[in-house]
2 protein chains.
Amino acid sequence: MTPNATDSLIQLDTSSLVDKVEANLVKLLVERKLKVGDIIPTELDLSRSLGVSRTVVREALLRLRMMGLIDTKKKKGSVITSPDIFGIMSKSMNPHILDQDTLREIFELRLVLEIGMADLLFQRITPKDIEELKEIVKSEPDTAKDHIFHIDHEIIFHGKLYEIAGNETLKRFQKMLLPIFDYVHNSGLLKKPAQIQKFVSHKGLIDILENGSPELFRNGMRNHLENHFLRIFG
Amino acid sequence: MTPNATDSLIQLDTSSLVDKVEANLVKLLVERKLKVGDIIPTELDLSRSLGVSRTVVREALLRLRMMGLIDTKKKKGSVITSPDIFGIMSKSMNPHILDQDTLREIFELRLVLEIGMADLLFQRITPKDIEELKEIVKSEPDTAKDHIFHIDHEIIFHGKLYEIAGNETLKRFQKMLLPIFDYVHNSGLLKKPAQIQKFVSHKGLIDILENGSPELFRNGMRNHLENHFLRIFG
DNA sequence: GTTTAGCATTATGTATAACATAATGAGACT
DNA sequence: AGTCTCATTATGTTATACATAATGCTAAAC
């Protein structure tokens, strides 16, 4: 690179006041090691001690609230909460707003999760879970016969799997992804039409969970999802 | 259930004005099918046509901005943008703020992703990618010898894999998860100490990518990550 | 004629003041 | 002790004014 006239210019601070206050507040939370349930000063107090208007403080607090860092109640002020990282995200998870590429990618993401969580499943599944899964499939129609793709049963069955996996974050993530998945599934977004053949059934997956291994389950689930993969890869 | 006095009560609307305005704006975006780049009315216009104060409109717009739905520039007003669903999330992805359970779950989540993305990898990998992967491992120290866990090399290698997977959403997700993963890895959060043994090496994974199958890769990757799984399951 | 400097315009950013509203808790009353 | 009432308090909302920065027009300069 050749030196030029801009080399010695420093990056100047274009951040707004609200940005600074927001950063300040987050820093405050981290440094003071404030726990969940602790309350933070009132808007007016913050406004005074930071030397900015209440308007600015409010906007900064609003951001923290959207991040799920605080929960603000009337009169009581704002209290620290454990951030719900997906709660925020789910607000912008509107299929009508996301662009097509992102939609397709989210479709893929769900498939990735289902296959990858085998080890969590096997580590945490209980005999009671197996029984519940069997109950779920018992009420399913015979898909091998009528060849209809039942998204409802898919959701119930797979939702239970996420529950068994014992990872709340994963479960919430899934819960957010499913509507998108359904939307993409039903929209004309994927070129290939949906197949109606199921290679490994829900019953088959339960069998593996009961007697198999994570390794077997991954392959089983991959096979179970074959229809969806075909629509992506063709 | 026995009928009681609350049965006939309707759920009353506790949402704030800002909530309503926000919902209104989102609905506007969806119904009008506004594309990326379109501009929306000014704060004052919205304020007038919605019959609320500019403050309320501002707070609602701020929320949309945080969701990544709009980008607001001075003078020009707000323009629609394609929401970056993970960009928003990364703001609250501060290891110091997330509680321990969530941190551990995110740790798990990354492992799930790595194993589950095998099919995407095989579908989209090119000979050039293979070469680049080989270049990456070439500069790695011999982990079999000095038995040291090199998180830096892990990041480079696995980051490349996500790139190959050809899913931007997944890649961004991963990019957000990695610092958390690293943090959890180094913190005393996981009871079990880190092993320093690697069962399937990066070289081994490349071999599979070159000559194997998604099935083989899943198992290989699972084995490669054995150290981390051991720390979770023990 | 093109460029550039300057200025008016405009929409967002910030500040201030006032009032509305709802939750809280203290004190009075039974 | 219980509960009813009311003052208090902190957030929710409105209104207004000014600051600031981006935009585009206009006119001077070449």
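Throughout, a chain's letter reflects where its sequence line sits, starting with A, and its residues are numbered from 1.
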In whole angstroms, how far is the P atom of D/dT16 from the CZ atom of B/R48? 12 Å
Side chain of B/R58 only, heavy atoms from C-beta on: which candidate in D/dG12, D/dT13, C/dT12 is closest? C/dT12
Nearest to the side chain of A/R54, which nucleotide is it out of C/dG13, C/dT14, D/dG12? D/dG12
Could you tell me how far apart B/L44 (CG) and D/dT16 (P) are, to the nearest whole angstrom? 11 Å
Spacing between A/K73 atom NZ and D/dG12 atom C1', to the nearest angstrom: 14 Å
How many whole angstroms separate atom CD of B/E59 from atom C1' of D/dT11? 10 Å
Quick one: A/D19 CG to D/dT20 P, roughly how many Å, whole number? 17 Å
Given B/E135 and B/K138, is the salt bridge (charged side-chain N to carboxylate O under 4.0 Å, His left out) satisfied, shown in steps? CA-CA 5 Å; B/E135 277 302 314; B/K138 201 179 286 179; 3.2 Å; yes
Need one value for B/T42: base, sugar-phosphate or nothing, where a base atom within 4.0 Å counts as base even if backbone is also close, heavy atoms only. sugar-phosphate
A/K20 atom NZ is separated from C/dA15 atom C1', nearest whole Å, by 15 Å
Would you mind reading off the distance between A/E43 atom CD and C/dA15 atom C1', rounded to a whole angstrom? 15 Å
Heavy-atom nearest nucleotide on DNA chain D for B/S53 versus A/D45: which residue maps closer to 5'? A/D45
Start with the C-alpha distance between A/H158 and A/Q174, add both sets of side-chain angles, then the distance that settles side-chain hydrogen bond (donor to acceptor under 3.5 Å, both in side chains), and finish with yes or no. CA-CA 9 Å; A/H158 290 267; A/Q174 157 73 357; over 6 Å; no
Look at the aromatic rings of A/F173 and B/F173 and report parallel, tilted or perpendicular, splitting at 30° and 60°. tilted
Please state how far atom CG in A/L61 lies from atom P in D/dT11, giving the value in whole angstrom units. 8 Å
Classify the ring geometry of B/F181 against B/H228: parallel below 30°, tilted from 30° to 60°, perpendicular beyond 60°. perpendicular
Where the side chain of A/L17 is defined as all heavy atoms beyond and including C-beta, which of C/dT12, C/dT14, D/dT14 is the nearest nucleotide? C/dT14
